[in-house]
Amino acid sequence: MAGGIFNRLSDKACKAFAAQKVHGKKLSDGGGLYLLITPSGSASWRIKYRVEGKEKTYSIGNYPDVSLAAARVELGEVKALLREHKDPVTERRINRAASAACADNTFHAVALDWLTMKQKEWSAGHYTKSARAFERDIYPVLGNLPISSITPAIVAKAVEDIHKRDVLETATRILQHLNGVFRYAQAKGLCRDNPALPAPELLPRKKDTGRMPALLDFPSLGDILRRAEAARISPSVRMAQRLCAFTAMRIGNIVDAEWREFHLDDEQPVWIIPRKKMKVTTRDIDHRVPLSPEIAGELRRWREMFGGRGFVFPSPQGGKHIGRESIEKVYRVTLGLNGKHSPHGWRSAFSTLARDNGFARDVVELALDHAHDNEVARAYDRGERFDDRIKLFNWWGKQLTAAQHGAAIIPLKAKAT
């Protein structure tokens, strides 16, 4: 660093020098700091220093945009770097590159990359729900922040705000996705720590981490259907939960159902769910759900009311379709079934009661699109046992309808095949 007397200049002297605009002329403040008139006539602050015996120049900015006081502060920072044996110009380039990387690597940008990668693994329905959850709950809070700047406190606030809406399942799923995004960012060297790791402590733990709650007798199931009919809920949610009950399909498939998947006017009405929408996406065929006369008739009436295009259960808020949480909350809160029965519980009820009433295990498992235990069974069931499944769903529809109307249920043993 150049030596000499420090702080020689005053603002008055700087102004007078800058006004001369004599190209190449210099005015020193000491310590290597000086003003230089550039070819354009501007007065530019420079710092002269040496690294490994080589003289170098560090540019600060033009006077008076950079004041005399600010230039002296910059000189002090340059001296500090030199004492650490760091080249100020090199360090500035590194800092600028880091700042540019932060600007490019916002949470929104990194999350989009992660979602694009996951899209190849997930079903279309799962991908769409995850992307929408980020749009709704995460991007407004974290989207524009450099991912390396996000702290556990910022993540905690976002998760707590979601949980305040009484949507624990949604908060839990989004938190799982946040962990995925930050692990992805760590792997790419975009952040050192995962600020989502402590956040699970903010959410209450489920009392039962095992099976989903389910009522397993027809009188109780009939009571659920009666109470749901009388409850003050939107028509879309009411009809969706009935389709859930009568088909035992996963709630994700219910809310994402489209009219083009339903063949209600065929001799045997059927709902054909594209394989890409199913939990198991590796099977060769789409999943066919025979519709009992009871639910097929309700769907035809529903089609007359809302038309036969687009999503079967449009959102009353103007979105594409209702969300799974809208149905889950009806069971949990409106019907007071928390810990007793859930939309997923219809699958357990269907499986248990069908098996108890003599239907073959493999027919029930195929109806639910469960994976088979071994390759031999999978090969055997390429025919899907569809006629047996029609009998199964027709039986189920009659039983639920009778139970809803309070009729005494006298189970008839189906012929096991």
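- Checking Arg242 against Gln404 by side-chain atom types alone, a donor-acceptor pair falls below 3.5 Å.
- Here Arg136 pairs with nothing under the side-chain hydrogen bond (donor to acceptor under 3.5 Å, both in side chains) rule; sequence neighbours left out.
- Using a 4.0 Å cut-off between charged side-chain N and carboxylate O, Asp87 and Lys54 make no salt bridge.
- No hydrogens or angles considered: nothing links the side chains of Glu55 and Tyr49 as a donor-acceptor pair under 3.5 Å.
- Of the residues Glu258, His287, His126, the one that meets the side-chain hydrogen bond (donor to acceptor under 3.5 Å, both in side chains) test with Lys277 is Glu258.
- Salt bridge annotation for Arg324-Glu328: present, with a cationic side-chain nitrogen under 4.0 angstrom from a carboxylate oxygen.
- When ring centroids are compared, Trp271 and His263 stay outside the 6.0 Å threshold.
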* Between Tyr139 and Asn144, does a side-chain hydrogen bond (donor to acceptor under 3.5 Å, both in side chains) hold up when you go through it step by step? -> CA-CA 7 Å; Tyr139 291 154; Asn144 293 327; over 6 Å; no
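- No donor-acceptor contact under 3.5 angstrom links the side chains of Asp223 and Ser220, judged on distance only.
- For Ser44, the side-chain hydrogen bond (donor to acceptor under 3.5 Å, both in side chains) criterion is met by Arg46, not counting sequence neighbours.
- Leu353 has its side chain within reach of Leu221: a pair of non-hydrogen atoms, C-beta onward, lies under 4.5 Å apart.
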* **Derivation and outcome, ring pair (Phe, Tyr, Trp, His ring centres under 6.0 Å), residues Phe359 and Trp396** => CA-CA 11 Å; Phe359 285 93; Trp396 180 248; 9.9 Å; no
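- Remark: the backbone N or O of Thr38 is not paired with any side-chain donor or acceptor of Ser42 at under 3.5 angstrom.
- Of all heavy-atom pairs between Pro198 and Pro152, the closest is CG-CB, 4.2 Å.
- No side-chain heavy atom of Phe313 sits less than 4.5 Å from a side-chain heavy atom of Val255.
- The minimum heavy-atom distance linking Ser292 with Gly397 is given by the pair OG-CA, 3.8 Å.
- Atoms CD and CD1, from Glu160 and Ile162 in turn, are 10.5 Å apart once rounded to the nearest 0.5 Å.
- With respect to Lys86 and Glu84, a salt bridge is recorded, a charged nitrogen being found less than 4.0 Å from a carboxylate O.
- Of the candidates Trp122, Phe107, Tyr127, His177 forms a ring-ring contact (aromatic ring centres under 6.0 Å, His included) with just one, namely Trp122.
- Residues Ile47 and Ile60 have side chains in contact (heavy-atom distance under 4.5 Å, counting atoms from C-beta outward).
- None of Leu243, Asn253, Thr247 except one satisfies the side-chain contact (heavy atoms from CB on, under 4.5 Å) rule with Val289; the exception is Thr247.
- Between Asp387 and Lys391, no side-chain nitrogen of the basic residue sits less than 4.0 Å from a carboxylate oxygen of the acidic one, so the salt-bridge criterion is not met.
- Remark: Ala245 pairs with Leu225, Trp346, Leu400 by the side-chain contact (heavy atoms from CB on, under 4.5 Å) rule, at least two apart or across chains.
- Glu325 has a carboxylate O that lies under 4.0 Å from a charged side-chain N of Arg332, or vice versa, which qualifies the two as a salt bridge.
- Using modelled atom types, one side-chain atom of His341 and one backbone atom of Leu215 make a donor-acceptor pair closer than 3.5 Å.
- A salt bridge links Arg303 with Asp265: the distance from a Lys NZ or Arg NE/NH1/NH2 to an Asp or Glu carboxylate oxygen falls below 4.0 Å.
- Side-chain contact between Val270 and Phe393: absent, with no pair of heavy atoms (C-beta onward) separated by less than 4.5 Å.
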